[in-house]
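First up is the structure itself, then whatever we jot down about it.
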Number of protein chains: 2
Amino acid sequence: MIRIAVVGHLARTSGDFSVNDLPGSAGRMDVLCRCVNSSFFLSHDLRRDVECYLVLCGGPATDKMIRISGEGVRHLNPDERSTGALLKRALSLPVGTSFREASPGIQVRCGGLADLASEFSFAILDEAGGDIRDEPELPEAFLLSDHLNFTGEERGILSDLPSYSVGPLSLHADHAITVLLNEVDRRRMI
Amino acid sequence: MIRIAVVGHLARTSGDFSVNDLPGSAGRMDVLCRCVNSSFFLSHDLRRDVECYLVLCGGPATDKMIRISGEGVRHLNPDERSTGALLKRALSLPVGTSFREASPGIQVRCGGLADLASEFSFAILDEAGGDIRDEPELPEAFLLSDHLNFTGEERGILSDLPSYSVGPLSLHADHAITVLLNEVDRRRMI
């Protein structure tokens, strides 16, 4: 099982946005939709052994987490707009601090980065880390930031975690996930 | 200069589609939008040394080609919908067999795969090819198919071209571009 978590600093925590304006009123929800795409899609198949967590921190309510399970997810298509519609549906549900299913394989709860970081031993994907190609073994849980850097408070939460890089240039989060999973694929095929 | 060309078998050749329905009435234009994203975007930067060609074969008119130049392109954002709007604008222009500028860095002309393949020495990105990591030198022009396989007629046009693979699994075209460019980045940094 590979776990991938992405922090959406501006991502709306309520479902009152338009799927035609994912970058704007939804708070760069387009970034998170592309990360979902990268986490799961193969040509004519889905990565059933991946679990993707989105941490939405853009208000107006308390932070929320969405969990997408490759094993159970249905109705997931590669385009941003339809993924945005699935996220909007999840964010429209009233939720507490336990996960609630919004659609098959997609669950939502209240909670932020500190809650998620306490559950799994994440490694951070960051251009300052060691190259994934040089690591004898890769972790099984990775955390990324969206288009913004981690805040000072977040860095405090994550300060003890190892960092890994996917290459010499700083990439978009969804591209970093694609390169990471390619390295995982290659190691599994050896 | 890296050239990346993607064949959109169903992609509409006229601008009469809705940017809210890129997968449907636009003929899987979402696939091409994601390939444009993968070809150009770095974190807070664009790949200025990439040229991306889209070959649109979904009618109703004759096949068209769109050329996007990393050096000259403006107004390119990473989300699918805004890229779709740039492509729609280009496809709304009356054009002949010479490139015509639709917006800065984006040009359009009539012409199909045979025309493009006669201009550049493409290598095909395909899961059946040799692994890019094992190649002493990489080509500078790559051709991919969208979510559909190349047709028999296209295979005839491309039969003499070398093939390269980006890993052990069959990936979406945009993911394959991301992995390819990561390999290019790494070789340039050595």
Side-chain angles (χ1 to χ4, degrees), chain A residues 18-24 26 28-31 33-34 37-45 47 77-85 126-127 131-133 144-149 165-190, chain B residues 18-24 26 28-31 33-34 37-45 47 77-85 126-127 131-133 144-149 165-190:
Chain A
S18 165
V19 294
N20 296 332
D21 188 26
L22 295 174
R28 295 310 308 273
M29 196 73 74
D30 61 311
V31 178
C33 292
R34 287 194 293 281
N37 173 310
S38 294
S39 296
F40 291 112
F41 281 99
L42 292 169
S43 195
H44 310 295
D45 204 358
R47 295 181 182 275
N77 288 300
D79 65 294
E80 289 169 17
R81 193 175 185 276
S82 68
T83 303
D126 184 288
E127 58 268 30
D131 189 342
I132 53 169
R133 287 200 193 177
L144 300 85
S145 188
D146 57 0
H147 63 299
L148 300 175
N149 292 328
S165 141
V166 299
L169 300 184
S170 181
L171 303 183
H172 279 203
D174 59 313
H175 297 172
I177 293 168
T178 297
V179 176
L180 167 71
L181 291 176
N182 178 257
E183 180 66 22
V184 171
D185 292 342
R186 289 168 171 275
R187 290 175 182 227
R188 286 181 175 168
M189 294 293 169
I190 288 173
Chain B
S18 166
V19 294
N20 295 333
D21 188 26
L22 296 173
R28 296 308 309 272
M29 197 72 75
D30 62 311
V31 178
C33 292
R34 287 194 293 279
N37 173 311
S38 293
S39 296
F40 292 110
F41 281 99
L42 292 169
S43 196
H44 309 295
D45 204 358
R47 295 181 182 275
N77 287 302
D79 66 294
E80 288 169 18
R81 193 174 184 277
S82 67
T83 303
D126 184 288
E127 59 268 31
D131 189 341
I132 53 169
R133 287 201 193 177
L144 301 84
S145 188
D146 57 0
H147 63 299
L148 300 175
N149 292 328
S165 140
V166 299
L169 300 184
S170 181
L171 302 184
H172 279 204
D174 59 313
H175 298 171
I177 293 168
T178 298
V179 175
L180 167 71
L181 291 175
N182 178 257
E183 180 66 23
V184 171
D185 292 341
R186 288 168 171 275
R187 291 175 183 228
R188 287 180 176 168
M189 293 294 169
I190 289 172

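Numbered from 1 within each chain, the chains take letters A, B, ... in sequence-line order.
For R188(B), no part lies near chain A; criterion is any non-hydrogen pair under 4.5 Å. Of the atoms belonging to P78(B), heavy atoms from both backbone and side chain fall under 4.5 Å from chain A.
Between D30(B) and E80(A), every side-chain heavy-atom pair lies at or beyond the 4.5 Å cut-off. Between L169(A) and R47(B), the closest side-chain pair of non-hydrogen atoms falls below 4.5 Å. H175(B) is not listed as a side-chain neighbour of L181(A), based on a closest heavy-atom distance of 4.5 Å or more. Within the 4.5 Å cutoff, the side chain of S38(A) has no heavy atoms near those of the R34(B) side chain. Within the 4.5 Å cutoff, side-chain heavy atoms of D131(B) are placed close to those of R186(A).
Among all heavy-atom pairs drawn from E183(A) and R133(B), the shortest one is OE1-NH2, 2.6 Å. In plain terms, the two heavy atoms of G167(B) and N182(A) that are nearest each other are CA-ND2, 3.9 Å.
By number of non-hydrogen pairs under 4.5 angstrom with chain A, the leading residue of I177(B), D21(B), N20(B) is N20(B). Ranking D45(B), N77(B), N37(B) against chain A, the residue ahead of the rest is N37(B), based on heavy-atom pairs under 4.5 Å. Counting heavy-atom pairs closer than 4.5 Å to chain A, the top residue among V31(B), V19(B), V166(B) is V166(B).
Rounding to the nearest 0.5 Å places OG of S82(A) at 11.0 Å from CG of L22(B).
Partners of S145(A) under the side chain to side chain contact (heavy atoms under 4.5 Å, CB included) rule, at least two apart in sequence or in another chain, are H9(A), F150(A).
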